[in-house]
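Note on naming: letters A, B, ... go to the chains in the order of the sequence lines (proteins, then strands), and numbering restarts at 1 for each one.
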Amino acid sequence: MADYNPSIIEPKWQKYWEENNFYRTDEKAQKKFYVLEMFPYPSGRLHMGHMRVYSIGDVLARFLRMRGFSVLHPMGWDAFGLPAENAAIKNKVHPAQWTYANIEAMKKQQKALGISYDWEREVTTCAPDYYKWTQWLFLLFYKRGLAYKKKAAVNWCPSCNTVLANEQVEDGGCWRCGTEVTTKDLEQWFLRITDYAERLLNDLKLLSGWPERVRVMQENWIGRSEGAEIHFPVKGLDTKITVFTTRPDTLFGVTYLVLAAEHPLVETLVAGTEHEAEVKAFVEKTRKLSEIVRTSTETEKEGVFTGAYCINPASGEEVPILVGNYVLMGYGTGAVMGVPAHDQRDFEFAHKYNLPMRVVVTPEGKELEAENLSEAYVDEGILINSGKFNGYPSSKAQKEITAYLQKNGWGEPKVTYRLRDWLISRQRYWGAPIPIIYCDRCGTVPVPEEDLPVMLPDDVVLKEGGQSPLKEHQEFYLTSCPNCGGKAHRETDTMDTFFCSSWYYFRYTDPHNDRLPFSKEKADAWVPVDQYIGGIEHAILHLLYSRFFTKVLHDAGYTAAVEPFKRLLAQGMVNKDGAKMSKSKGNVVSPDEIIEKYGADTGRLFILFAAPPEKDLDWSDRGVEGCYRFLKRVWRLVDHYADELAHPTGQAADDADQTLRHAVHASLKKVTEDIEERHNFNTAISAIMEAVNAAYNYTNEKKDAINKEIMAEALETIVLMLAPFAPHLAEELWQRLGHKESVHLQSWPEYDPTALRVAEVEIAVQINGKVRSRLTIPTDADAKTMEQIALADKKIADLVADKEIIKVIAVPNKLINIVVR
RNA sequence: GCCGAAGUGGCGGAACUGGCAGACGCACUUGACUCAAAAUCAAGCGGGUUUCGACCUGUGUGGGUUCGAGUCCCACCUUCGGCACCA
């Protein structure tokens with residue numbers, strides 16, 4: 001046969017698999033497994049990160065099929081989004097055209113990689129038959145009171161010309177373009193994800209198949225705090241200020257209150273007073289600060305007195321009310337109680353403005369003087385100066401004070417979250433239109449289900465700067481009210497693309513359903529996804545949103561699942577020369593050039609061999625060469641012996657034969673476990689390499705006198721083990737070994753435990769924990785025997801001759817340690 | 001500051017439950033084949049000492065537990081990631 005030439009065999013088998021519908025999902029099977037890689041944004045070309053995630057998913061999918069599972073392994077496109085719109089403006093093509101051309105190009109690349117997708121289930125989020133259901137889901141949220149419109153200070157990216165959700169702001173910049181985010185007051189659509197905060201937090205416990213770091217990140221993001229809300233009546237006004245605190249035990253130490261600049265009461269408090277001008281100026285100044293400056297610990301705490309006082313409900317004391325730049329309207333109640341002795345921020349603030357300080361918690365057995373404190377005492381302790389609560393430890397005081405407040409109507413226990421509601425409106429064109437109509441008479445009216453989809457009009461002119469053309473598209477904008485038939489107009493904002501991608505894994509289970517987004521029966525057969533694979537950058541964003549969607553769909557009775565992804569593999573990045581691949585650094589390697597030069601099988605093998613999947617991987621051209629060499633080595637071996645093996649002779653196995661069988665079955669055991677249990681593909685591949693090395697050693701030893709049965713078994717096992725990793729090469733070699741049926745329709749081989757049994761093992765002999773000798777002894781020798789053999793060894797005998805043996809530890813088949821004095 | 005992960009040869013990485021550190025691959029060195037090179041095959045390859053039999057040393061640092069520690073415990077250093085004026 002000819003030399004290994006991937007450019008011929010790879011397209012050949014890809015065509016064969018496609019024509020014979022190899023990877024169509026079998027819905028009737030009993031054993032089901034859903035393998036899913038995060039679907040890509042159709043940016044134009046695949047990069048190495050894509051190649052990595054698809055390679056991981058494909059190994060699992062192919063392996064599990066061989067293990068007898070019916071595997072759902074679909075692919076689709078996260079196809080709405082800003083880059084299409086920007087590219088369209090730049091190149092004067094329609095976003096749809098740009099997007100669909102990219103999808104075609106990337107699909108071609110995925111096929112060239114030999115990934116085993118069921119293409120009949122492909123979904124594209126920008127297609128009307130998909131976004132119809134995205135809109136339907138919005139209406140479901142709306143009906144359940146989970147979608148609402150409100151005016152709020154929101155994150156605005158001046159470069160993308162649109163608002164962003166909190167999750168989409170990284171280090172004060174836009175997650176997409178990095179531009180510094182500013183604040184705008186806008187009326188926007190939100191999803192009430194905060195209603196699900198507690199469940200999103202608690203159910204992380206169910207996700208034992210997720211990496212801990214992702215769970216911890218979500219936990220931090222949700223940011224649960226337990227404490228109390230306390231109401232402070234305002235002196236001279238019939239109103240009160242509510243604060244949130246996690247330390248109700250420090251209530252008697254409150255010497256002032258601080259309001260956020262945006263707090264609705266600020267204006268009322270200062271109206272018509274001598275403080276009005278100063279406070280208003282301060283509020284103006286504070287609101288102008290960017291979010292980054294405002295929330296930075298570096299920014300100096302500033303405040304201004306409002307002239308108003310309120311009453312500490314516990315002590316009856318009057319305390320001044322200030323406005324401060326470090327209090328955030330978006331967290332808690334937008335007002336905090338100032339306890340300078342026990343909170344570091346309050347401590348600094350009180351020092352700056354000469355506010356009084358009172359110690360109310362002391363460390364056990366110690367006294368604290370307010371005047372002598374160099375920093376706040378923030379730990380828990382024993383209460384003093386706290387009326388009837390004196391002598392209580394903090395934890396007890398927290399409960400008792402809260403109960404006391406509650407009894408008197410002055411406060412109540414409260415749990416607060418850092419998580420904010422999800423802002424889903426986007427002021428751009430290339431997204432799913434929000435299915436809402438505004439009627440002059442009826443107000444906000446949801447589009448009736450039968451009118452879906454609200455089609456995104458094609459005939460638009462996109463403008464430089466990115467303002468949405470929908471407002472000016474009369475045919476789209478002007479409509480009639482579904483209620484009263486009167487004059488009305490459509491919502492012109494589109495949905496955050498994360499909305500579209502929060503439910504796509506359900507659609508794959510029933511992609512052509514035209515009555516519902518998916519049927520419960522089909523979804524329940526597959527969801528939760530058994531193995532989800534994707535980048536860590538979605539640790540919060542996509543993964544949190546999808547969890548939220550699944551819970552809402554569950555509550556509405558559309559799915560039995562409470563969590564969307566049972567197991568999650570967060571794959572590492574692909575770097576080169578220690579840095580992220582980027583055009584500016586000139587260190588980009590594309591999947592195309594690898595396929596062209598070495599073939600897809602080599603590329604897949606390298607990317608799985610170079611590092612465990614969850615770790616970052618450094619691309620190495622030399623390493624790729626090594627994998628290519630290995631595949632050629634396998635090719636030559638099979639090619640050389642294939643014909644000969646056709647006529648077995650039935651000869652008895654000798655020692656060398658046994659050694660080869662042992663190596664092959666040991667390899668098979670390890671490969672099976674590494675793929676199945678640990679997802680350590682790098683060590684699985686190294687185990688296959690060991691089997692190949694053993695086969696070469698065998699042929700060197702036996703020359704032409706090989707045992708044909710043993711060799712045939714070895715080569716077939718090697719080819720079967722390679723099938724998930726290098727599917728084209730394995731297919732070709734499988735045929736070469738005389739098989740008619742595809743290697744990908746074979747069962748995964750079972751290792752033979754008897755082949756792993758050997759008569760003798762080498763053990764280490766230690767004296768006081770140091771290896772002094774290695775001995776070959778019968779397998780499974782008991783401790784007594786091991787000791788006898790070890791002591792009979794001349795070297796060991798000499799070393800222990802004049803010593804006293806205190807103890808002997810024998811680990812069967814491993815080592816023996818003789819402790820001497 | 002808080003939370004989390006990780007530090008092993010020249011490099012990527014193995015060592016799964018405490019049991020022979022460095023599997024497998026890359027790079028390098030040597031030998032075979034060749035007129036020669038490449039390819040291929042074979043062998044060597046942590047550091048140090050060596051009378052060539054072996055000995056000492058070694059998994060970020062310092063302690064500890066244990067017959068035995070890369071693995072467990074304590075303290076620290078470094079790197080990376082997340083959160084951070086969140087009351």
Side-chain angles (χ1 to χ4, degrees), chain A residues 3 170-171 211-221 223-225 227 243-247 250 258 260 294-301 324-328 330-339 342-346 348-349 416-420 536-537 539-540 605-606 609-612 614-627 629-630 632-633 636 670 673-674 677-678 680 682-690 692-693 696-697 699-700 762-774 795 806-820:
Chain A
D3 287 344
E170 294 170 352
D171 281 331
E212 168 162 301
R213 62 177 166 152
V214 177
R215 292 197 310 248
V216 167
M217 279 162 76
Q218 292 215 352
E219 212 177 296
N220 287 342
W221 188 260
R224 185 182 195 272
S225 289
V243 302
F244 172 72
T245 180
T246 54
R247 291 295 300 273
T250 64
V258 192
R294 245 184 113 172
T295 57
S296 160
T297 36
E298 308 293 306
T299 308
E300 183 156 3
K301 291 159 193 49
N325 64 351
Y326 70 99
V327 180
L328 307 172
Y331 182 79
T333 60
V336 300
M337 58 188 214
V339 190
H342 303 292
D343 181 285
Q344 190 56 26
R345 287 158 306 181
D346 296 345
E348 287 163 25
F349 191 75
T416 294
Y417 302 90
R418 217 187 64 94
L419 181 74
R420 314 283 163 84
I536 188 76
E537 67 273 16
I540 293 170
L605 197 72
F606 170 74
F609 179 61
E614 67 281 0
K615 281 185 68 175
D616 286 354
L617 171 160
D618 207 61
W619 188 269
S620 150
D621 294 332
R622 299 279 201 187
V624 181
E625 292 272 359
C627 288
R629 220 153 35 214
F630 167 70
K632 284 195 287 188
R633 202 166 135 84
R636 278 196 309 273
K670 179 150 178 64
E673 288 167 358
D674 280 355
E677 290 157 29
R678 306 201 305 156
N680 277 9
N682 55 330
T683 50
I685 293 167
S686 71
I688 303 174
M689 288 172 170
E690 286 183 81
V692 172
N693 290 345
Y696 267 87
N697 288 339
T699 61
N700 284 329
E762 193 189 67
I763 61 155
V765 183
Q766 297 182 333
I767 293 172
N768 289 349
K770 295 200 172 188
V771 180
R772 293 297 167 185
S773 182
R774 285 169 227 274
K795 196 175 160 193
I806 297 167
K807 198 175 184 183
V808 176
I809 291 110
V811 183
N813 301 331
K814 282 258 165 73
L815 61 72
I816 181 161
N817 188 12
I818 301 164
V819 186
V820 298

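Side-chain contact between A:T250 and A:M337 is present, with at least one heavy-atom pair separated by less than 4.5 Å.
When distances run from any side-chain atom of A:S225 to the nucleotides B:rA54, B:rC86, B:rA42, the shortest one goes to B:rC86. Counting only heavy atoms from C-beta on, A:N682 has its side chain closest to B:rA14 among B:rA14, B:rC83, B:rC24.
Heavy atoms of other residues, nucleotides or ligands lying less than 6.0 angstrom from CG of A:D171 number 12 at most.
A straight line from CZ of A:R678 to C1' of B:rG13 spans 13 Å, rounded to a whole angstrom. Regarding A:F606, its CZ atom lies at a distance of 18 Å from the P atom of B:rC24, rounded to whole Å. The CD-P distance, from A:E690 to B:rA15, rounds to 12 Å in whole Å. For A:N693 and B:rC41, the CG to P distance is 10 Å, given to the nearest whole Å.
A donor-acceptor contact shorter than 3.5 Å is absent between the side chain of A:N817 and the backbone of A:V765.
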Table of protein N/O atoms under 3.5 Å from nucleotides 7-12 of chain B N/O atoms:
residue, atom, partner, partner atom, Å
B:rG12, O2', A:A610, O, 2.7

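In this model, the phosphate group of B:rU57 is approached by a side-chain N or O of A:K770 to a distance below 4.0 Å at OP1 or OP2. Phosphate contact (OP1/OP2 of B:rC26, side-chain N/O of A:R629, threshold under 4.0 Å): present.
Judged by distance alone with a 3.5 Å cut-off, a donor-acceptor contact links the side chain of A:N817 to the base of B:rC67. For B:rC67, its base never sits under 3.5 Å from the side chain of A:K807 at any donor and acceptor pair.
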Let me have RNA chain B in dot-bracket notation, would you? Count Watson-Crick plus G-U wobble pairs, both distances under 3.5 Å, and use [ ] for pairs crossing earlier ones and | for inter-strand partners. (((((((..(((......[....))).(((((.......))))).((((....))))..(((((..]....))))))))))))....

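Taking the P atoms as reference points, B:rU30 lies 43 Å from B:rU78, given to the whole Å.
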